Amino acid sequence: MDSESTPDVLSFWLWFENNLSRLNDFEDHQAELLEELNERLREVDEGLAFEISRLNSEGIRDLVISADGMKETFPAVLALIESSPDLPEWTFTPFRQRIDVSEFGLRFGDRELRASDFYFWLQTEDGAIDLIVYVPGLTEENREELTGAGFILLDMTLGEFDVTLNLRYIDFQPLPENPEADDLLPLTALPPEFDELLNALNED
């Protein structure tokens with residue numbers, strides 16, 4: 001572990017290693033461990049969140065430590081990852097990573113929205129990238145709930161790091177009747193379009 005880690009960071013990993021047998025059998029203790037992990041991480045920083053994967057084919061489980069999209073919590077994520085122990089049954093990942101969302105769906109009331117149902121518009125201006133996500137069925141009444149789901153979907157599409165640090169402006173708008181006619185693209189096409197713009201900005 002990093003000798004310069006704060007006491008709260010060291011305390012978290014000490015707790016983690018002391019409870020390794022329970023954590024390795026996570027599904028048998030899921031409810032209590034979810035609560036304990038949440039409490040322990042919030043002792044490091046109130047903004048921290050986490051996700052735990054199932055065991056993969058090699059018997060390894062991943063703990064994702066997230067800043068939940070809050071830039072001010074990024075240093076706490078990095079401090080935890082830099083101090084993480086070397087455990088054969090675990091990997092530790094900073095921030096929510098990109099995944100293939102082409103088959104991903106979100107349940108909203110009695111509707112299931114697929115990632116491909118969302119569209120986007122992207123531009124660069126003054127050396128920054130701006131994004132508008134067009135959400136099917138978005139109204140003022142359901143805006144808070146649907147935009148919350150939209151941010152989760154966006155983190156999965158681009159990864160939490162890029163969403164938080166490399167987008168200047170994000171807005172959510174109702175999906176127009178004919179998005180293709182407005183030159184909008186499905187959200188599943190966002191990663192290569194975003195990467196191309198970001199690479200071009202970094203080259204300038």
Side-chain angles (χ1 to χ4, degrees), residues 1-101 104 106 115 128-129 131 133 144 147-170 190-191 194-195 198-199 202:
M1 291 188 187
D2 184 347
S3 61
E4 296 183 1
S5 299
T6 66
D8 288 339
V9 168
L10 294 174
S11 176
F12 172 80
W13 289 121
L14 181 62
W15 171 86
F16 195 96
E17 293 188 87
N18 286 341
N19 288 273
L20 197 55
S21 60
R22 287 197 303 146
L23 288 159
N24 286 343
D25 296 322
F26 179 74
E27 284 77 13
D28 294 337
H29 310 279
Q30 185 166 332
E32 63 197 65
L33 282 174
L34 287 173
E35 184 176 344
E36 288 177 41
L37 272 165
N38 186 55
E39 288 177 1
R40 293 286 177 167
L41 283 171
R42 286 182 177 273
E43 289 175 3
V44 178
D45 189 293
E46 281 289 329
L48 288 168
F50 69 94
E51 298 167 5
I52 292 183
S53 73
R54 297 180 179 275
L55 285 172
N56 66 16
S57 58
E58 298 175 348
I60 296 173
R61 199 185 299 273
D62 186 47
L63 172 65
V64 175
I65 300 177
S66 164
D68 217 17
M70 293 188 289
K71 190 183 299 185
E72 60 271 22
T73 304
F74 271 46
V77 173
L78 296 174
L80 281 162
I81 295 298
E82 288 168 3
S83 301
S84 61
D86 185 12
L87 301 174
E89 306 93 343
W90 287 85
T91 56
F92 303 105
T93 301
F95 311 114
R96 297 186 183 110
Q97 302 294 302
R98 290 186 185 188
I99 65 170
D100 179 4
V101 295
F104 184 79
L106 287 171
I129 303 176
L131 172 70
V133 178
E144 183 175 351
T147 55
F151 269 113
I152 292 172
L153 187 57
L154 199 52
D155 275 353
M156 297 167 69
T157 305
L158 280 185
E160 182 182 356
F161 186 91
D162 279 326
V163 170
T164 306
L165 295 187
N166 290 322
L167 287 170
R168 175 180 63 180
Y169 171 84
I170 303 170
L190 177 58
F194 170 85
D195 289 345
L198 184 62
N199 290 337
N202 289 337

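Computed from a prediction, not measured in an experiment: that's the story for all the values here.
Between Val44 and the choices Thr73, Leu10, Ile65, Asp8, the side chain to side chain contact (heavy atoms under 4.5 Å, CB included) rule is met once, by Asp8.
For the atom pair OG of Ser84 and CZ of Phe16, the computed distance is 9.5 Å after rounding to the nearest 0.5 Å. Here CD of Glu36 is found 5.5 Å from CG of Leu33. Values are rounded to the nearest 0.5 Å. Distance check: Leu14 CG to Arg40 CZ gives 8.5 Å after rounding to the nearest 0.5 Å. Going from atom CD of Glu46 over to atom CG of Asp68 covers 12.0 Å, rounded to the nearest 0.5 Å. Rounding to the nearest 0.5 Å places CG of Leu158 at 12.0 Å from CD1 of Ile99. For the atom pair Phe12 CZ and Glu39 CD, the distance stands at 12.0 Å (nearest 0.5 Å).
A donor-acceptor pair under 3.5 Å is absent between the side-chain atoms of Asn38 and the main chain of Leu34, judged by distance alone. Between the Asp25 side chain and the Asp28 main chain, no donor and acceptor come within less than 3.5 Å of each other.
Annotation: side chain of Val163 is not in contact with side chain of Leu131 (no heavy-atom distance under 4.5 Å). By the 4.5 Å heavy-atom criterion applied to side chains, Leu55 and Ile60 are not counted as neighbours. Leu37 has its side chain within reach of Trp15: a pair of non-hydrogen atoms, C-beta onward, lies under 4.5 Å apart. You'll find the side chain of Gln97 stays beyond 4.5 Å of the side chain of Met156, heavy atoms only. A 4.5 Å side-chain heavy-atom check between Pro191 and Thr157 finds at least one atom pair inside the cut-off. At a threshold of 4.5 Å between non-hydrogen side-chain atoms, the residues Glu89 and Glu58 do not count as touching. Side-chain contact check for Arg61 versus Ile52: some heavy-atom pair is nearer than 4.5 Å. For the pair Trp90/Asn24, a side-chain contact is recorded, criterion being any heavy-atom separation below 4.5 Å from C-beta on.
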Q: With side chain to side chain contact (heavy atoms under 4.5 Å, CB included) as the test, would you mind laying out the steps for Leu87 and Glu17 before giving the verdict?
A: CA-CA 9 Å; Leu87 301 174; Glu17 293 188 87; 4.0 Å; yes
Q: Decide side chain to side chain contact (heavy atoms under 4.5 Å, CB included) for Val64 and Phe50; before the verdict, give the C-alpha distance in whole Å, the side-chain angles of both, and the deciding distance to 0.1 Å.
A: CA-CA 5 Å; Val64 175; Phe50 69 94; over 6 Å; no
Q: Show your reasoning for whether side chain to side chain contact (heavy atoms under 4.5 Å, CB included) applies to Phe74 and Leu165.
A: CA-CA 10 Å; Phe74 271 46; Leu165 295 187; 3.7 Å; yes
Q: Decide side chain to side chain contact (heavy atoms under 4.5 Å, CB included) for Leu63 and Leu23; before the verdict, give the C-alpha distance in whole Å, the side-chain angles of both, and the deciding distance to 0.1 Å.
A: CA-CA 11 Å; Leu63 172 65; Leu23 288 159; over 6 Å; no
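Across all their heavy atoms, Gly47 and Met70 have their closest contact at CA-CE, 3.2 Å. Pairing each heavy atom of Val101 with each of Ala115, the nearest pair is O-CB, 3.1 Å. Pairing each heavy atom of Pro94 with each of Ile81, the nearest pair is CB-CG1, 3.6 Å.
When ring centroids are compared, Trp13 and Phe92 come within the 6.0 Å threshold.
In terms of the side chain to side chain donor-acceptor pair (under 3.5 Å) criterion, residue partners of Glu51 (sequence neighbours excluded) are, by chain and number, Arg96. With sequence neighbours left out, Gln30 forms a side chain to side chain donor-acceptor pair (under 3.5 Å) with no residue at all. Here Asp162 pairs with Arg98, Asn166 under the side chain to side chain donor-acceptor pair (under 3.5 Å) rule; sequence neighbours left out.
More than 12 non-hydrogen atoms from other residues, nucleotides or ligands lie less than 6.0 angstrom from CZ of Phe26. No more than 12 heavy atoms of other residues, nucleotides or ligands sit less than 6.0 Å from atom CD of Glu144. The number of heavy atoms from other shown groups lying within 6.0 Å of CG (Asn202) is above 12.
Checked for salt-bridge contact, Glu160 and Lys71 miss the test: no charged N lies under 4.0 Å from a carboxylate O.
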